[in-house]
Number of protein chains: 2
Amino acid sequence: MEVEPRENASSAPPPRRSDRTRSVILDVARRHFAAHGFERTTIRAVAADAGIDPALVIRYYGSKARLFDAALDITLRLPDLSGVPADHLAEALLRHFMVRWEHESADDTLLLLLRSAVTNDRAAERMREIFATQVAPGLGGPHAEKVGLIVTQLLGLALSRHLLRIPAVVRLTPGEILALYVPAVGGVFQLPRGREAR
Amino acid sequence: MEVEPRENASSAPPPRRSDRTRSVILDVARRHFAAHGFERTTIRAVAADAGIDPALVIRYYGSKARLFDAALDITLRLPDLSGVPADHLAEALLRHFMVRWEHESADDTLLLLLRSAVTNDRAAERMREIFATQVAPGLGGPHAEKVGLIVTQLLGLALSRHLLRIPAVVRLTPGEILALYVPAVGGVFQLPRGREAR
DNA sequence: TGAAAAAGTCAACACTTGGTGGCCTACGTT
DNA sequence: AACGTAGGCCACCAAGTGTTGACTTTTTCA
């Protein structure tokens, strides 16, 4: 696989001339996967969009599945909420994702992950991994048992506004969403810490 | 099921001998679409599962797309919330959908709609229609501008619990979800009626 | 300069898909 | 019983897919 034989004993592997092509392919592939999901994305379309031959995609990534895996190698850039007081957590969270998602040229990271995960088991598993390793630790601590429902609300928002594009949700301005939704997310945050025993 | 050309001038169209096959096909197709989405569902698989020849599917439904349309002809059985006082709306809503979704043999209606709509434009459009004609009117009235975010929360729950199966959400018991999530949904409901001008 | 290695192209493959038309069978009506 | 028709099956087609291997072009470097 292992597209990277490391011959260099030192830290960084030697740069290849094809690195640029590799990353172009990956970029284009990410856009296609985010826009159409796994099945409807064809290697031929990605290659055409990247201006190269379909065979190159296979050469560098082995297969469509492995290209998909590479595209799912995602690092969410989560905000640092360590200093935020509990009663402002909801607003800070929402505000952060709103500004990121609203902008046109925003990263497709979330769309890629969400759209893929709904119809593709591999992507769903990857999403759970990302949740466990990148999301839960950051928001964990005293709110451990609530993290799931916080994320649920954020995903719901992304889903209905950016994927399903439900008019009643699309119509709202960012300010309106903030005003209406912060109390909702806060409603989970501000519950008493220990819930009844399970 | 409303796949019935009405030739009969009287009330009921004449029953055909093939009606049973038709409905079997539609049932199986709904299950497949709900489980795998549009692209990954093949006519051959549906036919095999229904125990008939693939050609029959085309014969009765014309094409895969039209079979999909027929499968999307859905009537949500929404609860009647007219008599529920405002401060119990959230709980009533959540409780209703929880009991429907939790049960094993539950209807796949939501999964079908949700899973399809994320990768298929036709399904997304159908979902917006259903929202506009079946959901919004029922919840509308004084909460008109909030309906979108209420639905957002319900969809988010269905998404993370039943589609993505995020462990932190799956792990929760129905009672826990109710306890944690009712304040959230209520947080939207109980906002002052008129929000700042748009 | 020349040769080896890398980068990229091309044509073809095996396979799956949705879809079509012809054919056989079983039923219902007269 | 005969026959017309609807229900069902089979073989097949054309298009599109991921993937492969051989080939050509470009770069690298001794």
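Quick note: numbers below take in every heavy atom, side chains included, and nothing from hydrogens, waters or symmetry partners. Chain naming here is simple, since letters A, B, ... match the order of the sequence lines and numbering starts at 1 in each.
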- prompt: Taking OP1 and OP2 of D/dG8, is either one under 4.0 Å from a side-chain nitrogen or oxygen of B/Ser18?
  reply: no
task: Name every residue in residues 25-39 of chain A that has at least one heavy atom under 4.0 Å from any atom of DNA chain D, in order of residue number, or write none if there are no such residues.
output: none
message: Starting from A/Val135, can I reach A/Leu81 by hopping between I/L/V/M/F/W/Y residues whose side chains sit under 4.5 Å apart?
response: yes
query: Atom OH of A/Tyr61 to atom P of C/dA7: distance rounded to whole Å?
result: 13 Å
message: Taking A/Lys146 first and then B/Glu176, would you say they form a salt bridge - that is, a charged N and a carboxylate O separated by under 4.0 Å?
response: no
query: OP1 or OP2 of D/dG16 less than 4.0 angstrom from a side-chain nitrogen or oxygen of A/Thr42, does that happen here?
result: no
task: Ignoring the backbone of B/Leu56, work out which of D/dC9, C/dG18, C/dG8 is nearest its side chain.
output: D/dC9
query: Could you give all pairs that pass the salt bridge (charged side-chain N to carboxylate O under 4.0 Å, His left out) test and reach residues 77-91 of chain A, with sequence neighbours left out?
result: A/Arg77-A/Asp107, A/Glu91-A/Arg95
task: Fit a plane to each ring of A/Phe33 and A/Phe38, take the angle between them on a 0 to 90° scale, and name the class: parallel (under 30°), tilted (30 to 60°) or perpendicular (over 60°).
output: parallel
query: With no hydrogens and no angle check, is any side-chain donor or acceptor of A/Lys64 less than 3.5 Å from a backbone partner on A/Val57?
result: no
message: Strictly below 4.0 Å, N to O, side chains only: are A/Glu125 and A/Arg128 in salt-bridge contact?
response: no
Is there any protein nitrogen or oxygen under 3.5 Å from a nitrogen or oxygen in nucleotides 19-28 of chain C, and what are the pairs?
residue	atom	partner	partner atom	Å
C/dG19	OP2	B/Lys64	N	2.7

message: Assess the residue pair B/Asp69 and B/Arg122 against the criterion (salt bridge (charged side-chain N to carboxylate O under 4.0 Å, His left out)); give the C-alpha distance rounded to whole Å, side-chain angles, the decisive distance to 0.1 Å, and a yes or no.
response: CA-CA 8 Å; B/Asp69 276 350; B/Arg122 186 81 192 81; 3.1 Å; yes
- line: Taken to the nearest whole Å, CZ/A/Arg66 to P/D/dG18 is 15 Å
- request: Please step through side chain to side chain contact (heavy atoms under 4.5 Å, CB included) for the pair B/Leu26 and B/Tyr61, ending with a clear verdict.
  value: CA-CA 9 Å; B/Leu26 190 55; B/Tyr61 288 93; 3.5 Å; yes
field: Spacing of A/Asp19 atom CG relative to C/dA6 atom P, expressed in whole Å
entry: 13 Å
